[in-house]
Amino acid sequence: MFPRPIEQSSAPVRYGYQAFLPVALILWLLPLLAIFLTSIRSAKDINSGNVFGWPSEFALIDNYTAVFTQSAAAQYMWNSVLITVPTVAISVALACLAGYALAIYKFRVALPLFFLFVAGNFIPFQILMVPVRDMSVQTGLYDTITGQFLFHAAFQTGFCTLFMRNFIKALPFDLVESARIEGIAEWKIFWYVILPLVRPAIAALAVLIFTFVWNDFFWANVLTQGEAAKPITAGVRALNGQFVNNWHLVSAASLLAAIPPVACFFLMQKHFISGLTMGAVK
């Protein structure tokens, strides 16, 4: 049912795996390397057709400085922060509360509610595009920062609840029963008993949602029109139109947009891996 560990394979399989792994890594990193090389080329290289060769001159500082001086990239980045951080806070907080209720309490509609959260994750976003846009226009939330993080929080809460419910469900129920016998209030059980135990899961979930929302391109274009509320993903697309054939500046902006999720993962790497593997062994 599960793949056999590579250490238990035959010697030719192990050697083949060790030889193939660096090749796969290079192939995976090749597009990023190409984008980086493009981001440090000069405009003369791009216009002369030197797109895949070694740059004739390096314009690292000039290109990355031009992204901020010749465009609203700084504003786009700040908009992404204003959208992503509240989304993570709202969706994770609601998921912890809902996950606790669905995992601990035994009431008749618990299972249908859980299925409702799960079913929402299987609805394609393209189907919701028109009604969500119409709703945002009618409520005055279209082309605003507030509208974007509220809609993102609503969409992400279903997945977050599924995630947190499964982690809380795996905890020993005896802990909750013991606390109740001692007369501890229910909110104290949630705050002082459950939350410390699922802290790695919360960290892993926060990293996932941060990456999902920061890298979102679909809703960034559906829910915005002007430049004031665009996140960096939609802003890079606007830079493409602004700079026309200046792909070195577009590449530089794309790499700058990728830095925050990567930094978030490496800062939370320990908690992220711990959260994903929690419960894997006893």
Side-chain angles (χ1 to χ4, degrees), residues 22 24-43 45-46 51-52 54-55 58-89 91-92 125 145 148-149 152-153 155-156 159 203-224 227 229-273 275-276:
L25 181 61
I26 292 173
L27 291 175
W28 184 77
L29 292 176
L30 198 57
L32 290 177
L33 179 60
I35 295 174
F36 175 73
L37 288 177
T38 303
S39 70
I40 63 176
R41 297 180 190 276
S42 62
D45 270 1
I46 301 294
V51 179
F52 299 103
W54 190 255
F58 295 95
L60 175 65
I61 298 177
D62 294 339
N63 290 346
Y64 282 85
T65 302
V67 170
F68 292 101
T69 57
Q70 300 181 22
S71 70
Q75 180 64 42
Y76 297 148
M77 294 280 285
W78 179 241
N79 289 344
S80 291
V81 173
L82 295 179
I83 295 168
T84 305
V85 174
T87 299
V88 173
S91 57
V92 172
F125 285 162
I145 299 293
Q148 291 181 77
F149 76 71
H152 276 300
F155 291 137
Q156 298 297 335
F159 168 75
L205 186 61
V207 173
L208 287 175
I209 300 304
F210 185 94
T211 304
F212 292 161
V213 177
W214 184 278
N215 292 334
D216 172 74
F217 180 76
F218 179 78
W219 292 114
N221 288 280
V222 171
L223 297 176
T224 61
E227 301 299 316
K230 280 187 182 295
I232 187 61
T233 48
V236 169
R237 179 173 175 268
L239 293 176
N240 191 9
Q242 177 182 350
F243 292 133
V244 190
N245 293 325
N246 292 343
W247 296 109
H248 53 302
L249 300 182
V250 176
S251 299
S254 301
L255 290 179
L256 288 173
I259 291 177
V262 174
C264 178
F265 171 77
F266 280 106
L267 290 174
M268 303 290 290
Q269 182 179 9
K270 179 180 178 181
H271 300 288
F272 179 78
I273 296 175
L276 292 183

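With sequence neighbours left out, Thr224 forms a side-chain hydrogen bond (donor to acceptor under 3.5 Å, both in side chains) with no residue at all. Asp62 is linked by a side chain to side chain contact (heavy atoms under 4.5 Å, CB included) to Ala59, counting only residues two or more places apart in sequence or in another chain. Residues forming a ring pair (Phe, Tyr, Trp, His ring centres under 6.0 Å) with Phe125 (at least two apart in sequence, or on another chain): Phe155, Trp219. By the side chain to side chain contact (heavy atoms under 4.5 Å, CB included) test, Ser80 is found to be paired with Trp214, Pro231, Ile232, residues two or more places apart in sequence or in another chain being considered. Residues that satisfy the side-chain hydrogen bond (donor to acceptor under 3.5 Å, both in side chains) test with Asp216, not counting sequence neighbours, are absent from this structure. With sequence neighbours excluded, the residues satisfying side chain to side chain contact (heavy atoms under 4.5 Å, CB included) with Ala206 are Val88. Remark: Leu32 engages Leu29 in a side chain to side chain contact (heavy atoms under 4.5 Å, CB included) (not counting sequence neighbours).
Rounded to the nearest 0.5 angstrom, Ile145 CD1 and Trp78 CH2 are separated by 10.5 Å. Annotation: the span from Trp28 atom CH2 to Leu30 atom CG amounts to 12.0 Å, rounded to 0.5 Å. For the atom pair CD of Gln75 and CD of Glu227, the computed distance is 10.0 Å after rounding to the nearest 0.5 Å. To the nearest 0.5 angstrom, Gln148 atom CD is 7.5 Å from Asn79 atom CG. Here the OH atom belonging to Tyr64 is positioned 14.0 Å from the OG1 atom belonging to Thr69, to the nearest 0.5 angstrom.
Of all the heavy atoms in Ser91 and Thr87, the pair that sits closest is OG-O, 2.6 Å. Across all their heavy atoms, Gln156 and Phe212 have their closest contact at OE1-CD1, 4.0 Å. When all heavy atoms are compared, the tightest approach of Ala220 to Thr233 is CB-OG1, 3.8 Å.
Judged by distance alone, with hydrogens and angles left aside, the side-chain atoms of Asn63 form no donor-acceptor pair with the main-chain N or O of His248 at under 3.5 Å.
Contact annotation: the side chain of Leu37 approaches that of Ile40 to within less than 4.5 Å [non-hydrogen atoms, C-beta and beyond]. For the pair Pro55 and Arg41, the minimum side-chain heavy-atom distance is below 4.5 Å.
Counting heavy-atom neighbours within 6.0 Å of Leu25 CG, excluding the residue itself, gives a total above 12. Summarising the local packing, CZ of Phe58 is surrounded by more than 12 heavy atoms from other residues, nucleotides or ligands at distances under 6.0 Å.
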Sequence neighbours excluded and cut-off under 3.5 Å, please list the side-chain donor-acceptor pairs for residues 251-263, or say none.
{"unit_1": "Ser251", "atom_1": "OG", "unit_2": "Trp247", "atom_2": "O", "d": "2.8"}
{"unit_1": "Ser254", "atom_1": "OG", "unit_2": "Val250", "atom_2": "O", "d": "2.9"}

